[in-house]
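What follows is one structure encoded as structure tokens, with my remarks underneath.
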Amino acid sequence: MNAAIGIDTFCNIISLGPALCVGKDGGWTSIHLLKWFSRYASFCAEEFGSKVKNWLILNEPMGFTSLGYMLGKHAPGKTGLDNFLPAIHNAAMAQAEGGRIIRKLVHGAYIGTTFSCSEVIPYTQKEEDIAAAKRMDILLNRLFIEPVLGRNYPHEDFPLMDKLYSRNTAWRYTDRMHFNFDFIGLQNYFSVTVKHNAIIPYVQASEVKATARKAPHTALGWEINARKFLQDA
């Protein structure tokens, strides 16, 4: 802590993704990812553990796995389930393993991890829109926090989760994805309004943008709703 100005320092092990050299070998999709990540977390602990006691393991894992390994909008620009599903599982495993490493190597560490989250609102009260919103809620809000809590991946009437569960033989890793963090960070940017969309593969849901609903929004198209934000908080 910087006592002069009252600021606590936090060390975030991974904010978006692994280094370029690791990314060339598959990044978050690689079968070697957990080994690489463990070495990196150990290095960080040994180098900074005497100076920093507040630790964040991952920052927004749903963000970097979906945008980088499913939609291709962020680096490394990969797309498809063959990249997305292993990236999810490796991130979930690394999240818990990183916590265990810091706990072991840094005396008195205060350890957390952070998630982006959004309230998911069905566009109408039709059953199909409500079901679509539930599927989107699993992806945006529950996918990474439930394994941390020892509950494995959300697994309820959602074929995409069936694929994730079976492909990664997730039942074997419930304990390894679980870690008792000291705190969980939540970053709530905006709510997401969702409707059923049979054209969208796997999820069968799509966002109804604030611009389409003529709701107040930022230049990026993010909805502005201070009342709703305060209500959620």
Side-chain angles (χ1 to χ4, degrees), residues 1-69 73-78 83-84 86-117 140-151 153 168 173-189:
M1 177 175 179
N2 188 326
I5 56 177
I7 294 178
D8 281 335
T9 301
F10 281 74
C11 183
N12 179 200
I13 294 180
I14 290 287
S15 181
L16 290 176
L20 179 61
C21 58
V22 173
K24 290 179 179 179
D25 290 324
W28 285 106
T29 69
S30 175
I31 60 173
H32 304 297
L33 187 282
L34 192 60
K35 177 178 67 176
W36 296 334
F37 182 85
S38 298
R39 289 177 179 173
Y40 177 60
S42 297
F43 172 82
C44 290
E46 291 163 358
E47 286 293 312
F48 305 114
S50 62
K51 306 177 184 70
V52 180
K53 298 304 179 183
N54 301 311
W55 291 78
L56 298 168
I57 306 303
L58 298 184
N59 178 51
E60 301 186 8
M62 181 55 188
F64 66 71
T65 56
S66 63
L67 293 171
Y69 293 87
K73 293 184 176 181
H74 286 185
K78 296 184 178 182
N83 292 304
F84 187 42
I88 290 171
H89 191 60
N90 281 334
M93 295 279 284
Q95 183 170 240
E97 187 63 19
R100 285 188 284 270
I101 289 169
I102 300 302
R103 183 74 76 206
K104 178 180 178 181
L105 298 180
V106 180
H107 177 72
Y110 185 55
I111 309 170
T113 198
T114 64
F115 304 109
S116 55
C117 60
L140 295 182
N141 298 320
R142 298 171 52 194
L143 182 57
F144 284 96
I145 195 169
E146 292 194 12
V148 161
L149 298 176
R151 300 176 61 179
Y153 298 114
N168 294 304
Y173 298 102
T174 300
D175 289 342
R176 292 185 64 187
M177 292 188 289
H178 174 231
F179 180 73
N180 289 319
F181 284 103
D182 297 315
F183 70 95
I184 298 292
L186 297 178
Q187 290 149 203
N188 188 338
Y189 295 105

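Please read all numbers here as calculations on a predicted model, not as lab measurements.
In terms of heavy-atom proximity, F144 sits nearest to A91 at CE2-CB, 3.8 Å. In this structure, G150 and T174 approach most closely via the heavy-atom pair O-CG2, 3.5 Å. Smallest separation of non-hydrogen atoms from T29 and P86: O-CB, 4.0 Å. Minimum interatomic distance between W36 and G27 (heavy atoms only, all atoms of both residues): CZ3-O, 4.4 Å. Of all the heavy atoms in P61 and T65, the pair that sits closest is O-OG1, 2.7 Å. Across all their heavy atoms, S42 and I101 have their closest contact at OG-CG2, 3.6 Å.
Within the 4.5 Å cutoff, no side-chain heavy atoms of N168 are placed close to those of Y173. Two residues are said to be in side-chain contact when any heavy atoms from C-beta on lie closer than 4.5 Å; Y40 and I14 meet this criterion. The shortest side-chain heavy-atom distance between Q187 and N59 falls under the 4.5 Å cut-off.
Within the model, atoms CH2 of W55 and SG of C44 stand 5.5 Å from one another, a figure rounded to the nearest 0.5 Å. Distance check: S66 OG to I88 CD1 gives 8.5 Å after rounding to the nearest 0.5 Å. The distance from the CZ atom of F43 to the CG atom of L105 is 13.0 Å, given to the nearest 0.5 Å. In this structure, T113 OG1 and L58 CG are separated by 4.5 Å, a value rounded to the nearest 0.5 Å. Note that CD1 of I102 and CG of N54 are 12.0 Å apart. Values are rounded to the nearest 0.5 Å.
Between T114 and the options L56, L186, I184, N12, a side-chain contact (heavy atoms from CB on, under 4.5 Å) holds for only L56. Residue F115 is tested with Q95, E60, M62 for a side-chain contact (heavy atoms from CB on, under 4.5 Å); the sole match is Q95.
In this structure, K53 contributes its side chain and H107 its backbone to a donor-acceptor pair below 3.5 Å.
Residue pairs that meet the salt bridge (Lys or Arg N to Asp or Glu O under 4.0 Å) test with at least one member in residues 88-105, sequence neighbours left out, are E97-R100, R103-D182.
Here R39 pairs with K35 under the side-chain contact (heavy atoms from CB on, under 4.5 Å) rule; sequence neighbours left out.
Taking the six-membered ring where the residue is Trp, H89 and Y153 present tilted rings, their angle falling between 30° and 60°. Between F179 and F181, the ring-plane angle classifies as perpendicular under the 30° and 60° cut-offs. Ring geometry for W28 versus F37: interplanar angle of 30 to 60°, hence tilted.
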Verdict with reasoning, R176 to L34, per side-chain contact (heavy atoms from CB on, under 4.5 Å): CA-CA 11 Å; R176 292 185 64 187; L34 192 60; 3.1 Å; yes

One pair to check against side-chain contact (heavy atoms from CB on, under 4.5 Å): I145 and N141. What are the steps and the verdict? CA-CA 7 Å; I145 195 169; N141 298 320; over 6 Å; no

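Around the CZ atom of F10, the shell of radius 6.0 Å holds more than 12 heavy atoms that belong to other residues, nucleotides or ligands.
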